[in-house]
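Taking it in order: structure first as structure tokens, then the write-up.
Below, each value reflects all heavy atoms present in this structure, side chains not excepted, and no hydrogens, waters or symmetry copies. Note that the coordinates shown come from a computational prediction; the quantities given were computed from them, not determined experimentally. Below, chain A is the first sequence line, B the second, and so on; all start at residue 1.
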Number of protein chains: 2
Amino acid sequence: MRRKITLKHIARELDVSISTVSKALKGSSEISEDTKDKVQAFAKLYNYKPNNIAVSLKNKRTKNIGVIIPDIVHHFFTTVFRGIEHYANQRGYNVIVCVSDESFDREVVNMEMLANGSIDGFIMALAGETQLKKDFRHLREVMDQGMPLVLFDRVTDEIACDKVVLNDEQISYEATMSLINEGRKRIALLTTDSFFSVSNAREQGYKRALRESNITVDENHILRLPYNKEIDGVGSFLKKNNINAVLTVNEIFGVHCLSAAQGIGLNIPTDLSVIGFTDGILSKYSVPKLTTVAQHGDKMGALAAKLLIEKIENDFNEEDEVFTTEVIQATIIRRKSTIN
Amino acid sequence: MRRKITLKHIARELDVSISTVSKALKGSSEISEDTKDKVQAFAKLYNYKPNNIAVSLKNKRTKNIGVIIPDIVHHFFTTVFRGIEHYANQRGYNVIVCVSDESFDREVVNMEMLANGSIDGFIMALAGETQLKKDFRHLREVMDQGMPLVLFDRVTDEIACDKVVLNDEQISYEATMSLINEGRKRIALLTTDSFFSVSNAREQGYKRALRESNITVDENHILRLPYNKEIDGVGSFLKKNNINAVLTVNEIFGVHCLSAAQGIGLNIPTDLSVIGFTDGILSKYSVPKLTTVAQHGDKMGALAAKLLIEKIENDFNEEDEVFTTEVIQATIIRRKSTIN
DNA sequence: TTGTAGGCGTTATCAG
DNA sequence: CTGATAACGCCTACAA
């Protein structure tokens, strides 16, 4: 077993000092061509690579970024993660992921694990529990230590930091409008509990579209379904309220709605139009294919990573920090569950 | 901005030596209760936490594990990752993920990035290109350096290391058998190019079941579809060969098969039975719901992490290393696309 | 009971 | 042109 080789080994073998080796490997002009060649050849032969940990300690830079997300088996987060990972890798950063599982405690623990030197900055989407409790001390603490933080999607106004969000309210408004333009009047919203920042924004957009079109907002047309649990009762909800169009805040609800509607004999899109959120795999393979709001997670992730790395690398001048909130423009992918 | 505090800061403030602080914080019995209290109180007040990087350098242990997977927007890998992350976290390890994107080069680059001290060991599934090229030097190199490696799912016989795989051949045999037991004779296989170790194993199981049941294996009944590309021609394939049962090596093919069959007027499962692989979200929301082989990714991931951490922590006695290959038992989840 | 010194691997400064 | 030294933050054997 050929153990990893260090500067010290090379120095000993070649009978020079460690600093000479270090400089020679960097091609420093202070070192003679002769020794440079000798050292570099030896290093190549034994496949010398500097030890990241030692370099990190020296530079106080790990070239790692920490990502904390509520869930990984989830198309949108996965997509964002891919965006982050891809961009970060290009810039020479590695990504450490922790999953909070929607739990406040796990979010706190994970942050603490990573905040002690393992990473140069955080990218995260808040756990459901955190948004519910509105307790953000762990975020504030990390910021106080001068560690950059970028929030995406599930954000909060209570923390001043860079953010990347979707134009949730607006795209939800537009989606609802497009249903109204199909001539639909009895439009339902299938959503989750409203403490999720994004669900809330989507609900606002839905309501605004109705109001602006002089359709009274009927709370009975808003069905709040449990998140990550068995779904039930959508068919009877549709029938009872005589719904003819639905906006759902994710694609699971959307696809479920499709089958529930077909189950009670409705034709899609003739009798009922459906628009979902999250342009994932379900939307593409459902029957009929689901019209859906693409959240462009890749773009969101890449942008979050870009913002973070800029903060990390621009030894930002302490107090006069400026935070931006970037808004990603969602787009509606028209497929077969709507008329237009 | 309250910068991170170190032993040195505490020592200076309290006018003791660094080592006294270090010992006091560990509750060492060499230190007087008095100073212990004083130091610990101070440390708590300023929220002292040891710097991971420094500890890593000292111990030559990072408490990080590296995961390299071909794709992250993919239900199975995502599930395995969750298993790894969950188990690793419990044992105090963090997880650094790199995505190879099925590319050999990216796999190599990522491995090199991580192998220089950032992590204590690797868990990986081979990129498609790597399985095609059969070039495993990068794996061997890492092993040579004494860094533990666990391969899962996409493995190779050419590297001696711990492995976690599915009983692909056997479960594929059983799935095919169950189709045969429904009275089906014209059974198709929808698969990918055969250089993927798993597709290959599944094909073997399928063929064995046919052979043992005295059904001639007809290569025309095996349709090889491009991976991660647009799928086409499944309907005409089914019709032309008068297929009445299908086994597919993933759930996308399975669900696609469902719609293609329904598109040409076949009733499922009366006219055609379908069994897919990967019990993901598609299978649960398809119409009808897809009978599928559950690969238990969580379990696979947890086991891989367990094997790896054991190797890391048991300062394994150099040469007399023993490698195990653990086999996860897949199970068939019966839903509505089959008769039984 | 406390402190000193050396080392983990690297880099940067300064002296020879 | 080369090397000694100190430092990053922590730990620990050994000395006082």
> Of all the nucleotides listed (dC10(D), dT10(C), dC14(D)), which has the minimum atom distance to the side chain of Pro50(A)?
Replying inline: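 Per side-chain heavy atoms of Pro50(A), the pick is dT10(C).
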>> Given dG9(C), dT11(C), dT2(D), identify the nucleotide with an atom nearest to the side chain of Val55(A).
In response: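 My answer, after comparing the listed nucleotides, is dT11(C).
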>> If you assign Lys8(A) and Lys26(A) each to the DNA chain C nucleotide with the nearest heavy atom, which residue ends up on the more 5' nucleotide?
In response: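 Looking at DNA chain C, the more 5' nearest nucleotide goes with Lys8(A).
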>> Less than 4.0 angstrom from a charged side-chain N to a carboxylate O is my criterion; do Arg106(A) and Glu85(B) meet it?
In response: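 Judged by the 4.0 Å cut-off on N to carboxylate O distance, Arg106(A) and Glu85(B) do form a salt bridge.
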>> Any salt bridge linking Glu326(A) with Lys299(A)? Criterion: basic side-chain nitrogen under 4.0 Å from a carboxylate oxygen.
In response: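 Lys299(A) and Glu326(A): not salt-bridged.
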> Does the ring center of His9(A) lie less than 6.0 Å from the ring center of Tyr48(A)?
Replying inline: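 Ring-ring flag for His9(A)/Tyr48(A): false, centres at least 6.0 Å apart.
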>> For Phe77(B) together with Phe81(B), are the ring centres under 6.0 Å from each other?
In response: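 Not under 6.0 Å, so no.
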> Within the pair Tyr48(B) and dC10(D), is there a side-chain N or O less than 4.0 Å away from OP1 or OP2?
Replying inline: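 Affirmative; the distance criterion is met.
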>> Is Lys60(B) close enough to dG9(C) that one of its side-chain N or O atoms is under 4.0 Å from OP1 or OP2 there?
In response: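 Result: yes.
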Applying a 4.0 Å non-hydrogen cut-off, can you work out what [X] is touching in the nucleic acid: base, sugar-phosphate, or nothing?
X        : result
Ser32(A) : sugar-phosphate
Thr6(A)  : sugar-phosphate
Thr35(A) : sugar-phosphate
Lys58(A) : base

Could one point to a donor on the side chain of [X] or the base of [N] with an acceptor on the other under 3.5 Å away?
X        : N       : answer
Lys23(B) : dG3(C)  : yes
Ser22(B) : dT12(D) : no
Ser17(A) : dA4(D)  : no

What is the distance from [atom1] of [X] to [atom2] of [N], rounded to the nearest Å?
X        : N       : atom1 : atom2 : answer
His9(A)  : dG9(C)  : NE2   : C1'   : 10 Å
Asn51(A) : dG7(C)  : CG    : P     : 18 Å
Arg61(B) : dG9(D)  : CZ    : P     : 24 Å
Leu57(B) : dA7(D)  : CG    : P     : 17 Å
Glu33(A) : dC1(D)  : CD    : C1'   : 12 Å
Asn59(A) : dC8(D)  : CG    : P     : 13 Å
Leu7(A)  : dT2(D)  : CG    : P     : 16 Å
Glu30(A) : dA15(C) : CD    : C1'   : 12 Å

>> Between Asn94(B) and Asn64(B) (side chain of the first, backbone of the second, donor and acceptor by atom type, cut-off under 3.5 Å), is there such a pair?
In response: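 No, Asn94(B) side chain to Asn64(B) backbone: no donor-acceptor pair under 3.5 Å.
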